[in-house]
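Here is how names work: the chains are called A, B, and so on, in the same order as the sequence lines, proteins then strands, and each is numbered from 1.
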2 protein chains.
Amino acid sequence: MALTREQLIDAAVGILSEFGLADLSMRRLARELDVQVGALYWHVKSKQELLVDVAAKLLDSVPRPATPTPALAPLSIAALLRQLRSALIAVPDSAEVMQLAQSMRPESLDPMGWLLEFLQLAGVPQNDATYARHVLVNHLLGSIASHQEAVALSAEAEPDTVSTEWEESAFDYGVRVILQGLALEHPAVV
Amino acid sequence: MALTREQLIDAAVGILSEFGLADLSMRRLARELDVQVGALYWHVKSKQELLVDVAAKLLDSVPRPATPTPALAPLSIAALLRQLRSALIAVPDSAEVMQLAQSMRPESLDPMGWLLEFLQLAGVPQNDATYARHVLVNHLLGSIASHQEAVALSAEAEPDTVSTEWEESAFDYGVRVILQGLALEHPAVV
DNA sequence: ACCTGAACACCGTTCAAGT
DNA sequence: ACCTGAACACCGTTCAAGT
């Protein structure tokens, strides 16, 4: 029976997870799905649009944390960021895909909405909360991107040389520093 | 007379600045320089290698700030970050190019070395300084990337709709928050 | 409604052969 | 030493035509 948009997105997630963005071409996708390339364009408008859906799918496994009390909001934020990191870290080039989705259709990424919500709950005023979210998301995606570029480069040279540990410490350190800075900037935040 | 590597890099910077990474192809570069594509590969090993040199060139205009006293180091860091931002903000896709260079040949980017130096000068211990630099650089490149994606998208829709102001405030806010967080994490930092 | 076949206008990289 | 010509193995997107 007929190909569906869902199948297309799932196949794209599969190729991305296994081989990375360089191998995720419309032609390869078509081959994998046993259709001609043109067929894909009946289901999606463009490759970019497809990638936005791929990005959303990558975050599907991240559950919405329970709404915290103001005092606990920073902890929920840290927890959510760790969840996002672990959902993305094993998928090659996921940071790049997320960045595209964020600028093309930010509303399609639910967890980013939660992040904003929790920041406000913690006591960060409306306007600064969107700034603060930017800082946190830049850190999240930046950390993932540099981890993945390190993996990609060492895979070409000597495989299995990347210390996952260092990257994780660096990530946690950054989250801690940023949250502390927010507390200082906004006295309402604990 | 013969083409030089410098000419190649300069032409690449030119195309990037005017048209962005999507238009910076080896074939286009060859056309611009009145040679066949193959000729480029006598001067550079690959497009990636060329992009690393392009990244370094983009930072050539950033001067090394005078070595500050420990108390003034955070100010120098903020100043350096602003300089880096203004060197890159007008060049489309510069954040992407910088990220590649950073993972492929970090030592080719002098200002990143200075950043580390100033962080240590400010009182951040050796190990944490590299973490801290990561946080700052992620913020720098992330801010630039999202600004540029916004510009690219609005250029397709309604031109001149991007408020440069918002992006600048967001950037400064982030730098401030991170530096404050560092001061809290490391009591030696003012 | 959904897909094929075929085309259009591109890519990065390699390499024998020329000068 | 430096470059040409030509090939290899790819891209994303469009669209008339088929079922």
Side-chain angles (χ1 to χ4, degrees), chain A residues 1-16 18-55 92-93 96-97 99-101 103-105 149 152-153 155-157, chain B residues 1-16 18-55 92-93 96-97 99-101 103-105 149 152-153 155-157:
Chain A
M1 88 280 161
L3 184 64
T4 68
R5 197 182 222 262
E6 292 311 313
Q7 280 172 57
L8 220 166
I9 296 167
D10 287 344
V13 169
I15 294 177
L16 185 68
E18 252 196 283
F19 307 101
L21 199 54
D23 282 355
L24 178 46
S25 68
M26 296 304 270
R27 300 179 113 95
R28 166 109 184 227
L29 217 36
R31 217 183 311 138
E32 215 106 319
L33 292 163
D34 276 307
V35 293
Q36 301 295 316
V37 225
L40 304 183
Y41 287 85
W42 198 92
H43 296 275
V44 295
K45 180 176 151 301
S46 66
K47 186 180 177 182
Q48 280 213 3
E49 200 201 65
L50 173 61
L51 287 178
V52 170
D53 283 359
V54 166
D93 306 308
E96 219 175 311
V97 176
Q99 211 151 19
L100 181 84
S103 63
M104 293 227 347
R105 203 142 43 76
E149 299 227 49
L153 287 176
E156 287 163 21
Chain B
M1 87 283 160
L3 184 64
T4 68
R5 196 182 223 265
E6 292 310 313
Q7 279 172 57
L8 221 166
I9 297 167
D10 287 345
V13 169
I15 294 177
L16 185 69
E18 252 195 283
F19 306 101
L21 200 54
D23 282 356
L24 179 46
S25 68
M26 296 304 270
R27 299 178 113 95
R28 166 108 183 227
L29 216 37
R31 216 184 310 138
E32 215 106 320
L33 292 163
D34 275 306
V35 292
Q36 301 296 317
V37 226
L40 304 183
Y41 287 85
W42 199 92
H43 296 275
V44 294
K45 179 176 153 300
S46 66
K47 186 180 177 181
Q48 281 212 5
E49 201 202 65
L50 173 61
L51 287 178
V52 170
D53 284 359
V54 166
D93 305 309
E96 219 175 310
V97 177
Q99 211 151 17
L100 180 84
S103 63
M104 293 230 343
R105 202 141 45 74
E149 299 226 48
L153 287 176
E156 285 163 23

Item to complete: Mind checking A:A39 for me? I need base, sugar-phosphate or nothing, with any heavy atom below 4.0 Å counting as a touch.
Response: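 Base contact - A:A39 has a heavy atom under 4.0 Å of at least one base atom.
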
Discussion item. When both hydrogen-bonding distances must be under 3.5 Å and the geometry is Watson-Crick or G-U wobble, what is C:dT19 paired with, if anything?
Written reply: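 Base-paired to D:dA1.
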
Item to complete: Could you check which nucleotide pairs with C:dG12 in any of the strands shown, counting Watson-Crick or G-U wobble with both distances under 3.5 Å?
Response: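 Per the H-bond distance test, D:dC8.
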
Discussion item. Can you tell me if B:Y41 touches the phosphate of C:dT14, counting only side-chain N or O atoms and a distance under 4.0 Å to OP1 or OP2?
Written reply: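 The answer is no; no side-chain N or O of B:Y41 sits under 4.0 Å from OP1 or OP2.
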
Fill in: A:Q36 side chain near C:dG5 phosphate (N/O to OP1/OP2, under 4.0 Å)
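So the side chain of A:Q36 is within the cut-off, an N or O lying under 4.0 Å from OP1 or OP2 of C:dG5.
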
Fill in: Rounded C1' spacing from D:dC11 to C:dA7 in Å
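Approximately 14 Å lies between the C1' atom of D:dC11 and that of C:dA7.
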
Worksheet item: Rounding to the closest angstrom, what is the interatomic distance between C:dC2 and D:dA16 at atom C1'?
Response: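 Roughly 15 Å separates the two C1' atoms.
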
Which heavy atom of [X] sits nearest a heavy atom of [Y], and at what distance?
X	Y	result
A:E96	A:L21	OE2-CD2, 3.8 Å
B:E149	A:S103	OE1-OG, 3.2 Å
B:P92	B:G20	CB-CA, 3.8 Å
B:A22	B:D93	N-OD2, 4.4 Å

Protein-nucleotide distance ([X], atom [atom1]; [N], atom [atom2]), rounded to Å:
X	N	atom1	atom2	result
A:L33	C:dT4	CG	P	11 Å
B:L29	C:dC11	CG	P	11 Å
A:Q48	D:dC11	CD	C1'	15 Å
B:L40	D:dG5	CG	C1'	14 Å
A:M26	D:dC10	CE	P	18 Å
B:L24	C:dG12	CG	C1'	12 Å

Discussion item. Return whichever of A:K47 or B:H43 has its heavy-atom-nearest nucleotide of DNA chain D closer to the 5' end.
Written reply: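 Final value for this comparison: B:H43.
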
Worksheet entry | Residue met sooner reading DNA chain D from 5', once B:R27 and B:L3 are mapped to nucleotides |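 That would be B:L3.
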
Practice prompt. Report the nucleotide, chosen from C:dC3, D:dA1, D:dT13, that has the shortest atom-to-atom distance to any side-chain atom of B:W42.
Written response: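 Minimum distance to the B:W42 side chain belongs to D:dA1.
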
Worksheet entry | Intermediate values then yes/no, side chain to side chain contact (heavy atoms under 4.5 Å, CB included), A:M26 and A:L8 | CA-CA 10 Å; A:M26 296 304 270; A:L8 220 166; 5.6 Å; no

Worksheet item: Applying the side chain to side chain contact (heavy atoms under 4.5 Å, CB included) test to A:R5, which of A:V44, A:D10, A:L40 qualifies?
Response: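 It is A:V44, the one option of A:V44, A:D10, A:L40 that forms the side chain to side chain contact (heavy atoms under 4.5 Å, CB included) with A:R5.
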
Fill in: side chain to side chain contact (heavy atoms under 4.5 Å, CB included) evaluation trace for A:L51 with A:L16
CA-CA 10 Å; A:L51 287 178; A:L16 185 68; 6.0 Å; no

Worksheet item: Got a sec? Which of residues 5-13 of chain B come in under 4.0 Å of DNA chain D, heavy atoms?
Response: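 Here the set is empty: none.
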
